[in-house]
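Because the structure is a prediction, the values reported are computed rather than measured.
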Amino acid sequence: MKNSKLYEADDKMITLIADNYSLLESLGRFGINMGFGDKTVREVCEDQHVDTDTFLVIVNFTINGSTYGGEKVCIRTLLHYLKASHEYFLGFQLPNIRKELMASLDENDNLARLIMKMYDDYAHEIKVHMKYEEQHVFPYVNRLLSQEAVSDYDIETFSKHHGQTTQKLKELKNIIIKYLPSDALRNNLLTSVLYGLYKNEEWLDQHARVEDSIFIPAIREIEHKQKQNDVSVNISRMISHPDSTETLSDREKEVIVSLVQGMSNKEIAEHLFISINTVITHRRNIARKLQIHSPAGLTIYAIVNHLVDISSVKL
């Protein structure tokens, strides 16, 4: 039965483990070592330099499915958790299961060799997926955190690429259960392997849900804030350099005034006795020169640079 308790920073860490022994694996992924006595979650996290809120968001989500609170998540702590999860799975779990599977099979059996190939194909698929994240997604997030301008990637690209690789594993488990004859010893070994495969399927599903429900929404928020900051920077530059109107032609200034007054492209064309295509070209040049694309941004620009009087603008 799923534990319905929501754990808090003042709960003792040993209580979390006693209630949910599966958290033992999560401790290592956060870089938390055991031997913490009766300290609270906050005390353990502070002692071992782990963001307490991020730890609790992931713990409560994985145990109870509690909803994500974006403002509480430290992205760097979350990245460390995800990278450590990859290292644990690729460096320990997959090789360990392979070793146990080899020991449980008769190496002279052709069926056994086919099963090993199926397992290796499954493991390769998982490795490719995780390496994609490490080579593309995590560096992108680090650039975002460093406030670098990034235009060649966004988290939606990862969200569409992100998918679970469960079909090969399902087939492998079914073949082992249905078709492998074995003596008592091999049967016990295969049972142990199957248990490990099922547990790791649960872990992989949990890992994917953390990325879908916590990591991706958190990065979306950073992207949204960066876009807002980009608009603020453009307006700030515009205010700081009122002589930027010199980069515009007189006709482009007239187009801006017309836009601020709420005219459509057709109305501007008629008002200025030019074609609609010419209006569109002027608007494209204005956006390129000023790096302002919204009507609100152009309105602020026009007011600050005295192209229109604020009293004449419908706010």
Side-chain angles (χ1 to χ4, degrees), residues 1-101 104 126 130 133 164 166 169 173 188-218:
M1 180 180 290
K2 183 176 285 189
N3 191 333
S4 61
K5 175 178 172 58
L6 288 178
Y7 294 97
E8 299 178 356
D10 292 328
D11 288 325
K12 291 185 177 181
M13 185 67 85
I14 188 63
T15 301
L16 271 68
I17 305 303
D19 291 348
N20 310 277
Y21 65 86
S22 61
L23 289 181
L24 285 169
E25 288 183 344
S26 295
L27 292 183
R29 294 169 200 162
F30 278 105
I32 295 176
N33 297 320
M34 289 183 282
F36 39 70
D38 288 320
K39 291 181 179 179
T40 65
V41 170
R42 179 184 289 108
E43 290 170 335
V44 172
C45 288
E46 289 178 352
D47 286 349
Q48 305 202 31
H49 310 292
V50 174
D51 182 74
T52 305
D53 289 333
T54 305
F55 176 79
L56 286 170
V57 164
I58 292 180
V59 163
N60 284 317
F61 175 79
T62 56
I63 294 174
N64 308 304
S66 60
T67 55
Y68 158 63
E71 72 286 352
K72 294 183 178 180
V73 169
C74 170
I75 302 300
R76 295 198 185 280
T77 299
L78 186 54
L79 274 178
H80 180 275
Y81 170 84
L82 294 175
K83 289 178 182 177
S85 296
H86 287 186
E87 291 171 4
Y88 178 79
F89 196 72
L90 298 178
F92 175 75
Q93 290 289 68
L94 286 178
N96 193 54
I97 291 176
R98 190 183 195 283
K99 183 179 178 180
E100 291 184 356
L101 184 58
S104 66
I126 298 299
M130 291 186 172
E133 295 180 21
Q164 297 184 41
T166 58
L169 182 60
K173 291 183 300 182
N188 288 336
L189 292 172
L190 282 172
T191 299
S192 177
V193 170
L194 281 167
Y195 182 79
L197 288 172
Y198 276 106
K199 290 297 293 181
N200 278 277
E201 184 179 25
E202 290 178 6
W203 177 87
L204 195 60
D205 177 66
Q206 174 185 294
H207 181 76
R209 288 188 295 109
V210 167
E211 290 184 325
D212 289 338
S213 300
I214 299 178
F215 180 63
I216 291 175

(request) Would you give the length of the straight line joining atom OG of S22 to atom CD1 of I63, rounded to the nearest 0.5 angstrom? (result) 6.0 Å
(message) Looking at K12, I'd like to know if its NZ atom is crowded, meaning that more than 12 non-hydrogen atoms belonging to other residues, nucleotides or ligands lie closer than 6.0 Å.
(response) no
(request) List the atom of H80, the atom of R29, and the distance in Å for their closest heavy-atom pair. (result) ND1-O, 3.4 Å
(request) Answer yes or no: is there a donor N or O on one side and an acceptor on the other, between the side chain of D51 and the main chain of T54, under 3.5 Å? (result) yes
(message) Run I58 and L78 through side chain to side chain contact (heavy atoms under 4.5 Å, CB included) and show every step you take.
(response) CA-CA 9 Å; I58 292 180; L78 186 54; 3.5 Å; yes
(request) Could you please spell out the steps behind the side chain to side chain contact (heavy atoms under 4.5 Å, CB included) verdict for E25 and Q93? (result) CA-CA 11 Å; E25 288 183 344; Q93 290 289 68; 3.9 Å; yes
(request) Work out which heavy atom in E211 is nearest to a heavy atom in P217; give both atom names and the distance. (result) O-CD, 4.2 Å
(request) State, to 0.1 Å, how close T40 and A9 come at their nearest heavy-atom pair, and which atoms those are. (result) CB-O, 3.5 Å
(message) For the backbone of V210 and the side chain of S213, can you confirm whether one donor and one acceptor N or O come within less than 3.5 Å of each other?
(response) no
(message) Just to verify, what does K173 make a side chain to side chain contact (heavy atoms under 4.5 Å, CB included) with, not counting sequence neighbours?
(response) L169, L194, L197, Y198, E201
(message) If you count heavy atoms of other groups shown closer than 6.0 angstrom to CD of Q48, is the number above 12?
(response) yes
(request) Find the distance between CG (L190) and CD (E100) and round it off to the nearest 0.5 Å. (result) 10.5 Å
(request) For the residue pair Y88 and W203, categorise the inter-ring angle as parallel (less than 30°), tilted (30 to 60°) or perpendicular (more than 60°). (result) tilted
(request) Grab the two heavy atoms, one from T62 and one from V59, that are nearest each other, plus how far apart they are. (result) OG1-O, 3.1 Å
(message) Is the shortest side-chain heavy-atom distance between V73 and F215 below 4.5 Å?
(response) no
(message) Contact between M13 and F55 at the side-chain level, heavy atoms closer than 4.5 Å - yes or no?
(response) yes
(request) Mind jotting down which residue pairs meet the salt bridge (charged side-chain N to carboxylate O under 4.0 Å, His left out) criterion with at least one end in residues 32-43? Sequence neighbours excluded, please. (result) D10-R42, K39-D47
(message) To the closest 0.5 Å, what do you measure between CG (D205) and CG (N200)?
(response) 12.0 Å
(request) With the side chain counted from C-beta on, respond yes when Y81 and I214 share a heavy-atom pair under 4.5 Å apart, and no when they do not. (result) no
(message) Nearest 0.5 angstrom please: L24 CG to M34 CE, how far?
(response) 6.0 Å
(message) Measuring from atom CG of N96 to atom NZ of K99, what distance do you get when rounded to the nearest 0.5 angstrom?
(response) 7.0 Å
(request) Could you walk me through whether H86 and H207 pass the side chain to side chain contact (heavy atoms under 4.5 Å, CB included) test, one step at a time? (result) CA-CA 9 Å; H86 287 186; H207 181 76; 3.3 Å; yes
(message) For N60 versus Y7, what's the shortest heavy-atom pair and its separation?
(response) OD1-N, 2.8 Å
(request) Look up atom CG in L56 and atom CG in L16, then write down how far apart they are to the nearest 0.5 Å. (result) 7.5 Å
(request) Report yes if some heavy atom in the side chain of L90 is under 4.5 Å from a heavy atom in the side chain of M130; otherwise report no. (result) yes
(request) Mind listing the closest non-hydrogen atom pair of I97 and G196 along with its distance? (result) CD1-O, 4.0 Å
